[in-house]
Trainee: 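I have a structure here, written as structure tokens, and I will follow up with some questions on it.
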2 protein chains.
Amino acid sequence: MKKVGFTRSENTRRDAKLTMTEVAKHVGVSAMTVSRAFRQDASVSEETRKRIMDAVDELGYVLDQSAGSLSSRRTGFIAALVPSINNSNFSDTARGITDALENTGLQLLLGYTDYSIEKEEQLIESMLRRRPEGVILTGGSHTPRARRMLEKAGIPVVETWELPENPINYVVGFSNSEAMSLLVRELAGKGYRKFGYIGGTTARDTRGSQRRSGFAKTVEELDLGPPRMISFGVPPISMQQGGQAIVSMLERWPDTEVVLCVSDLSAFGALMECHRRGMRVPEDIAIAGFGDYEISSTCHPRITTINADCYGIGRQAAARLLDALQNGGEAGDEITLTSYKVVLREST
Amino acid sequence: MKKVGFTRSENTRRDAKLTMTEVAKHVGVSAMTVSRAFRQDASVSEETRKRIMDAVDELGYVLDQSAGSLSSRRTGFIAALVPSINNSNFSDTARGITDALENTGLQLLLGYTDYSIEKEEQLIESMLRRRPEGVILTGGSHTPRARRMLEKAGIPVVETWELPENPINYVVGFSNSEAMSLLVRELAGKGYRKFGYIGGTTARDTRGSQRRSGFAKTVEELDLGPPRMISFGVPPISMQQGGQAIVSMLERWPDTEVVLCVSDLSAFGALMECHRRGMRVPEDIAIAGFGDYEISSTCHPRITTINADCYGIGRQAAARLLDALQNGGEAGDEITLTSYKVVLREST
DNA sequence: TTTCGCAGTGTTATCGATAACAAAACCAAG
DNA sequence: CTTGGTTTTGTTATCGATAACACTGCGAAA
């Protein structure tokens, strides 16, 4: 671990430090009054506040929250961990959180776990060192140590995007398995019989696994023959890999009628690969995805998918946290089910 | 501004607070020794360190960095502002930053400006309150107040993704105008003559404006007739809007041979709209984008674009900052040119 | 006029760690 | 057995704000 940064001496040399006390002297009040002027709820006369704020502008003073949080014991941080920020589903969730936090004075600490619970554990530790007032996680699988740290931290925790068997506190999510099941039933209702599934290989992506098992279970329940499943690549699987996977699928089971993919990205890759090979979608083969990414409503043909309200998950998770914080930070255990819906489009 | 969170009394009621001093007592050493044990460079005997770390595990102690940064005057924060995290170009940059920061003990504070310099100013202020040790910005346009705050903060600032006329400190970027110019020349070399351009309407997206002016300038220089430019939608323009824009383009100038788009997303939307209308790409019309998003190498036909090394911009910006921090935080003014290249594909 | 209450402001102690310096323990060489 | 140097550990002051409480002055009610 390499450390970098200022040493104290270098830093103080830089600039006469400007503290609240300096501002106070300049205005002729006490530091406490300046501190109050920065907070809306505090009792400072309008006239004094104005004089203080004028001095703040003139001197270019910027409040130091690190110092403030030590004495107030409130850091104003919320930690959120997502598997990846390059995936638009999760960046939509992150955006939902950020939007919900706007004007609350809370600052988001965002981290990404790369779909690894070990990395998650490491991030949880480094985030907890910043003393966040609440934590938002993706998924319900964590290392035992991560779980212990979270429980001991005494702050509300929200798990999102899934319905964990044994939640820590709050949950904001939906059943990935049931969502996929719904899609299968819907397509079976349209007459499709020979179902294929494309997803990643490992268990790293728990949401992916849940979707897969929802698929397999439902195909069985509907008595549609043995499920045809291709595992290809380490999650999250790319567009490219979706394309490669559908090739394997068609080699192995050429008469497959409809292919469901773990996400729209792989569905799109599969769709484009079909085009490239001159296959017509949905006439020769139908394709569906999961997540309702922008691409699915834009490409041609438009892709059938599940819309899972990624943005709403973020907003609701943050709202749940804000709520808990206002009630004194007591960690409750409500489960908020988020909505999802099948979006039937031209690809099926 | 609504404030939420614990009051002190609620918080202390929750749990006997666990401080470094508690751990120290438990081990029979001073708090200072515990503090040292947490830092790799400090001189603590291996045996003592082990005893301390055992106690830390047993008690479940988590270091409090808010307190630490107050006394050490080093927060370990790096602030980074990007226009949007839902755009994969910028999330690649964010990822580059995060990766470069890994194992440095630094924590990223990420914010997004929504392409607004007013929002940027607001974010800069709230970030500076956290006393970051360095700042990474996207672009070179800032409000005067934002600029003043940054200059006064006395920490290194890196502007990325562009080449500002009047940089604050460091720059890590490339000329969007020249990159677009290169693309025009490259395509003119392939024989295209009637060039169109699709971009957003306002000046909010400075990189977009620079690309547009690079386009116009080059079309003129090559004597290819008046540039055909469609402005559609508020930046960042979506896939959808790219589709709508190309319709306008073809209504107004039906004989356009090649259309360059401000980003791959609008290019993709345009491409799909052409498919939908039964036009062949590139036979009937050629299309190119900017940014080399995953989609462009996957879709059919694959889209010609500019690869601008988004990830590398992030890594290099962070590296530049780390470097400055190690040299005592002196703000220099080096300009790091990042590479870009034309990627010719099937769409042109 | 006195009393009470409240808005506005000041004083003091403290949050939990770390810098800087001091001291002790240890070790090798003379 | 010293001495001097190095390693390891302890002591004290402090980082910059805020909580808690104290105080002042003023106006309304008695």
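Worth saying up front: this structure is predicted, and the values here are computed from it rather than measured.
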Trainee: Would A:K152 count as a cation-pi partner of B:Y61, with NZ or CZ less than 6.0 Å from the six-membered ring centre and within 45° of the ring normal?
Mentor: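 Negative - A:K152 is either too far from the ring of B:Y61 or too far off its axis.
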
Trainee: Please state how far atom CZ in B:R73 lies from atom C1' in C:dA19, giving the value in whole angstrom units.
Mentor: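 B:R73 atom CZ is separated from C:dA19 atom C1' by 12 Å.
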
Trainee: Expressed as a whole number of angstroms, how long is the span from A:R39:CZ to D:dA17:P?
Mentor: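 So the CZ-P distance, A:R39 to D:dA17, works out to 12 Å.
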
Trainee: What string of B, S and - do you get for nucleotides 5-12 of chain D 5' to 3' if you count protein non-hydrogen atoms under 4.0 Å?
Mentor: ---BBBB-

Trainee: Begin from the C-alpha positions of B:F90 and B:Y311 and carry the test ring pair (Phe, Tyr, Trp, His ring centres under 6.0 Å) through to its verdict.
Mentor: CA-CA 8 Å; B:F90 296 122; B:Y311 178 80; over 10 Å; no

Trainee: Classify the side-chain pair B:T33/B:S30 by whether it contains a donor and acceptor separated by less than 3.5 Å.
Mentor: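 Indeed, the side chains of B:T33 and B:S30 share at least one donor-acceptor pair under 3.5 Å.
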
Trainee: Check every atom of C:dA17, C:dA19, D:dC15 against the side chain of B:S72 and return the nucleotide holding the closest atom.
Mentor: C:dA19

Trainee: Examine D:dG16: is either OP1 or OP2 under 4.0 Å from a nitrogen or oxygen in the side chain of A:Y61? Give yes or no.
Mentor: no

Trainee: Using only heavy-atom distances, determine whether the side chains of B:E120 and B:H142 contain a donor-acceptor pair under 3.5 Å.
Mentor: yes

Trainee: So, OP1 or OP2 of D:dA17: does either fall under 4.0 Å of a side-chain N or O from B:R130?
Mentor: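 For B:R130, the contact criterion (side-chain N or O under 4.0 Å from OP1 or OP2 of D:dA17) is not met.
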
Trainee: Would you say C:dC15 has OP1 or OP2 under 4.0 Å from some side-chain N or O of A:R131?
Mentor: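 No, A:R131 has no side-chain N/O under 4.0 Å of OP1/OP2 on C:dC15.
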
Trainee: CG of B:L70 versus P of C:dG16: gap in Å, rounded?
Mentor: 12 Å

Trainee: Over how many whole Å does the gap from A:R74 atom CZ to C:dG16 atom C1' extend?
Mentor: 18 Å

Trainee: Rounding to an integer number of Å, can you tell me how far B:Q65 CD sits from D:dG16 C1'?
Mentor: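 Going from CD in B:Q65 over to C1' in D:dG16 covers 18 Å.
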
Trainee: Using atom CG of A:L18 as one end and atom C1' of D:dC15 as the other, report the distance to the nearest whole Å.
Mentor: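 Atom-to-atom, A:L18 to D:dC15, this comes out as 15 Å.
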
Trainee: What nucleotide among C:dA19, D:dG16, C:dC15 has an atom nearest to a side-chain atom of A:A67?
Mentor: D:dG16

Trainee: What's the spacing between B:R129 CZ and A:S69 OG if we round to 0.5 Å?
Mentor: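 With rounding to 0.5 Å, CZ (B:R129) is 12.0 Å from OG (A:S69).
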
Trainee: From CD1 of A:I52 over to P of C:dG8, roughly how many Å is that when rounded to an integer?
Mentor: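 A:I52 atom CD1 is separated from C:dG8 atom P by 12 Å.
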
Trainee: Going by atom types only, do B:E118 and B:T143 share a side-chain donor-acceptor pair under 3.5 Å?
Mentor: no

Trainee: Please report, rounded to the nearest Å, how far the P atom of D:dA17 is from the CZ atom of A:F38.
Mentor: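 It is 9 Å, rounded to the nearest whole Å.
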
Trainee: Between A:R95 and A:D92, does at least one N-O distance fall below 4.0 Å, as a salt bridge requires?
Mentor: no

Trainee: Please tell me which of the listed nucleotides, C:dA17, C:dA19, D:dA19, lies nearest to the side chain of B:S71?
Mentor: C:dA17

